[in-house]
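Below is one structure, written out as structure tokens, with a few remarks after it.
Small disclaimer: the values here were computed from a predicted structure and weren't measured. Both counts, for ligands and for their atoms, begin at 1 and track the order of listing.
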Amino acid sequence: MRKPASARSSVALRGDYAHADAAWCVPQDWNTYSPELHDRWQRLYARQRLLAERHAASAVVAGLERLGCADAIPDFARINEVLDSETAWQLVSVPGFIPDEVFFAHLAARRFPVTRWLRDEHEIDYLVEPDVFHDFFGHVPLLLDPGFGDFLQAYGQAGERAIAMDALPMLARLYWYTVEFGLIQEGEALKAYGAGLVSSAGELVHATTAADVLRLPFDPVRVMRTDYSIDAFQRCYFVISGIDQLVDGLSALDFGPVYEMWREVPPIPAGERIPGEPVWSAPDLKGQSDA
Ligand code: HBI
Ligand code: FE
């Protein structure tokens with residue numbers, strides 16, 4: 001789950017920011033992780049892996065297989081050898097949330113920031129900020145998908161302009177409803193590719209199987225106009241037909257006019273449906289209300 005920029009400043013950030021460098025990175029210090037932490041990682045991973053098998057996008061499952069990090073908290077240096085050779089992406093270790101512009105700059109340079117600390121035992125089912133399990137299990141497998149890796153870098157490159165045009169909240173919504181909470185149709189099945197879903201035991205099942213959920217076909221402008229909240233579960237989700245819809249949809253879009261047109265317009269509340277707009281529905285999700 002991710003707090004919006006505004007709430008971030010009020011969140012008591014857990015990580016060790018005192019030793020972060022100019023790019024807000026810290027050494028992962030993999031050797032300092034205790035056996036208890038690795039054990040907690042193993043239990044989290046085993047439970048979530050079973051759910052991902054059934055409800056996560058095939059590219060996510062393939063990425064998890066390729067990374068093979070069931071037994072211990074991953075050592076980013078070792079993962080980077082695989083990632084770099086296959087995708088030119090690198091993981092960088094961070095203490096937690098980092099400023100928007102720093103975050104975008106990392107993505108634009110094909111560096112993915114991964115929080116180095118693991119959640120406490122009492123948070124095993126849910127925590128608000130991203131930890132190493134959310135960031136790694138949720139985000140890293142898709143870096144191995146060429147289309148998604150290119151999309152994420154392009155997203156980072158778009159960040160600077162959004163900040164310059166005072167339209168960051170609109171771009172943040174795009175991240176939220178795709179990279180964090182995106183759904184994808186694969187054949188007749190509905191799967192999750194967003195890290196906030198892929199790494200969450202409860203919401204992964206809810207978002208992909210519950211009938212009384214508002215799911216809308218992915219449309220970049222609708223997404224960028226849609227507010228989000230940090231409730232336990234999202235009030236709406238957007239469904240893509242394939243990863244290339246993200247890449248094509250966004251590379252074809254001139255964000256400037258979209259920012260100009262909608263920047264001052266109050267966002268659409270999460271979960272609200274514009275009268276008459278189509279909702280996404282699938283034959284095997286019977287009973288989803290079309291009303
Ligand atoms: N920092 N570590 C970290 N991880 C994020 O996902 C993140 C961030 N800082 C800013 C940020 N995300 C937002 O700008 C994006 O969600 C748009
Ligand atoms: Fe995330």
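- Polar contact check, Tyr155 against ligand 1: no nitrogen or oxygen pair lies under 3.5 Å apart.
- With hydrogens and angles ignored, the 3.5 Å screen pairs no side-chain donor or acceptor of Asp29 with any backbone N or O of Thr32.
- Residue Glu180: an N/O/S atom is found under 2.8 Å from the Fe ion (ligand 2).
- Using bins of under 30°, 30° to 60° and over 60° for the plane-to-plane angle, the ring pair Trp30/His38 lands in the tilted bin.
- The atom name of the N/O/S atom in His134 closest to the Fe ion (ligand 2) is NE2.
- By the 3.5 Å distance cut-off applied to N or O atoms, Gly96 is counted among the residues near ligand 1.
- Counting heavy atoms closer than 4.0 Å to ligand 1, residue Phe103 contributes side-chain atoms (C-beta onward) but none from N, CA, C or O.
- Under the 30°/60° scheme for interplanar angles, the aromatic rings of Tyr175 and Phe103 are found to stand perpendicular.
- No side-chain donor from either of Tyr228 and Glu180 sits under 3.5 Å from a side-chain acceptor of the other.
- Taking each of Asp135, Val94, Ile98 in turn, the one with a heavy atom nearest to atom 9 (N) of ligand 1 proves to be Ile98.
- Side chain to side chain, Arg215 and Ser281 fail the donor-acceptor criterion of an N or O pair below 3.5 Å.
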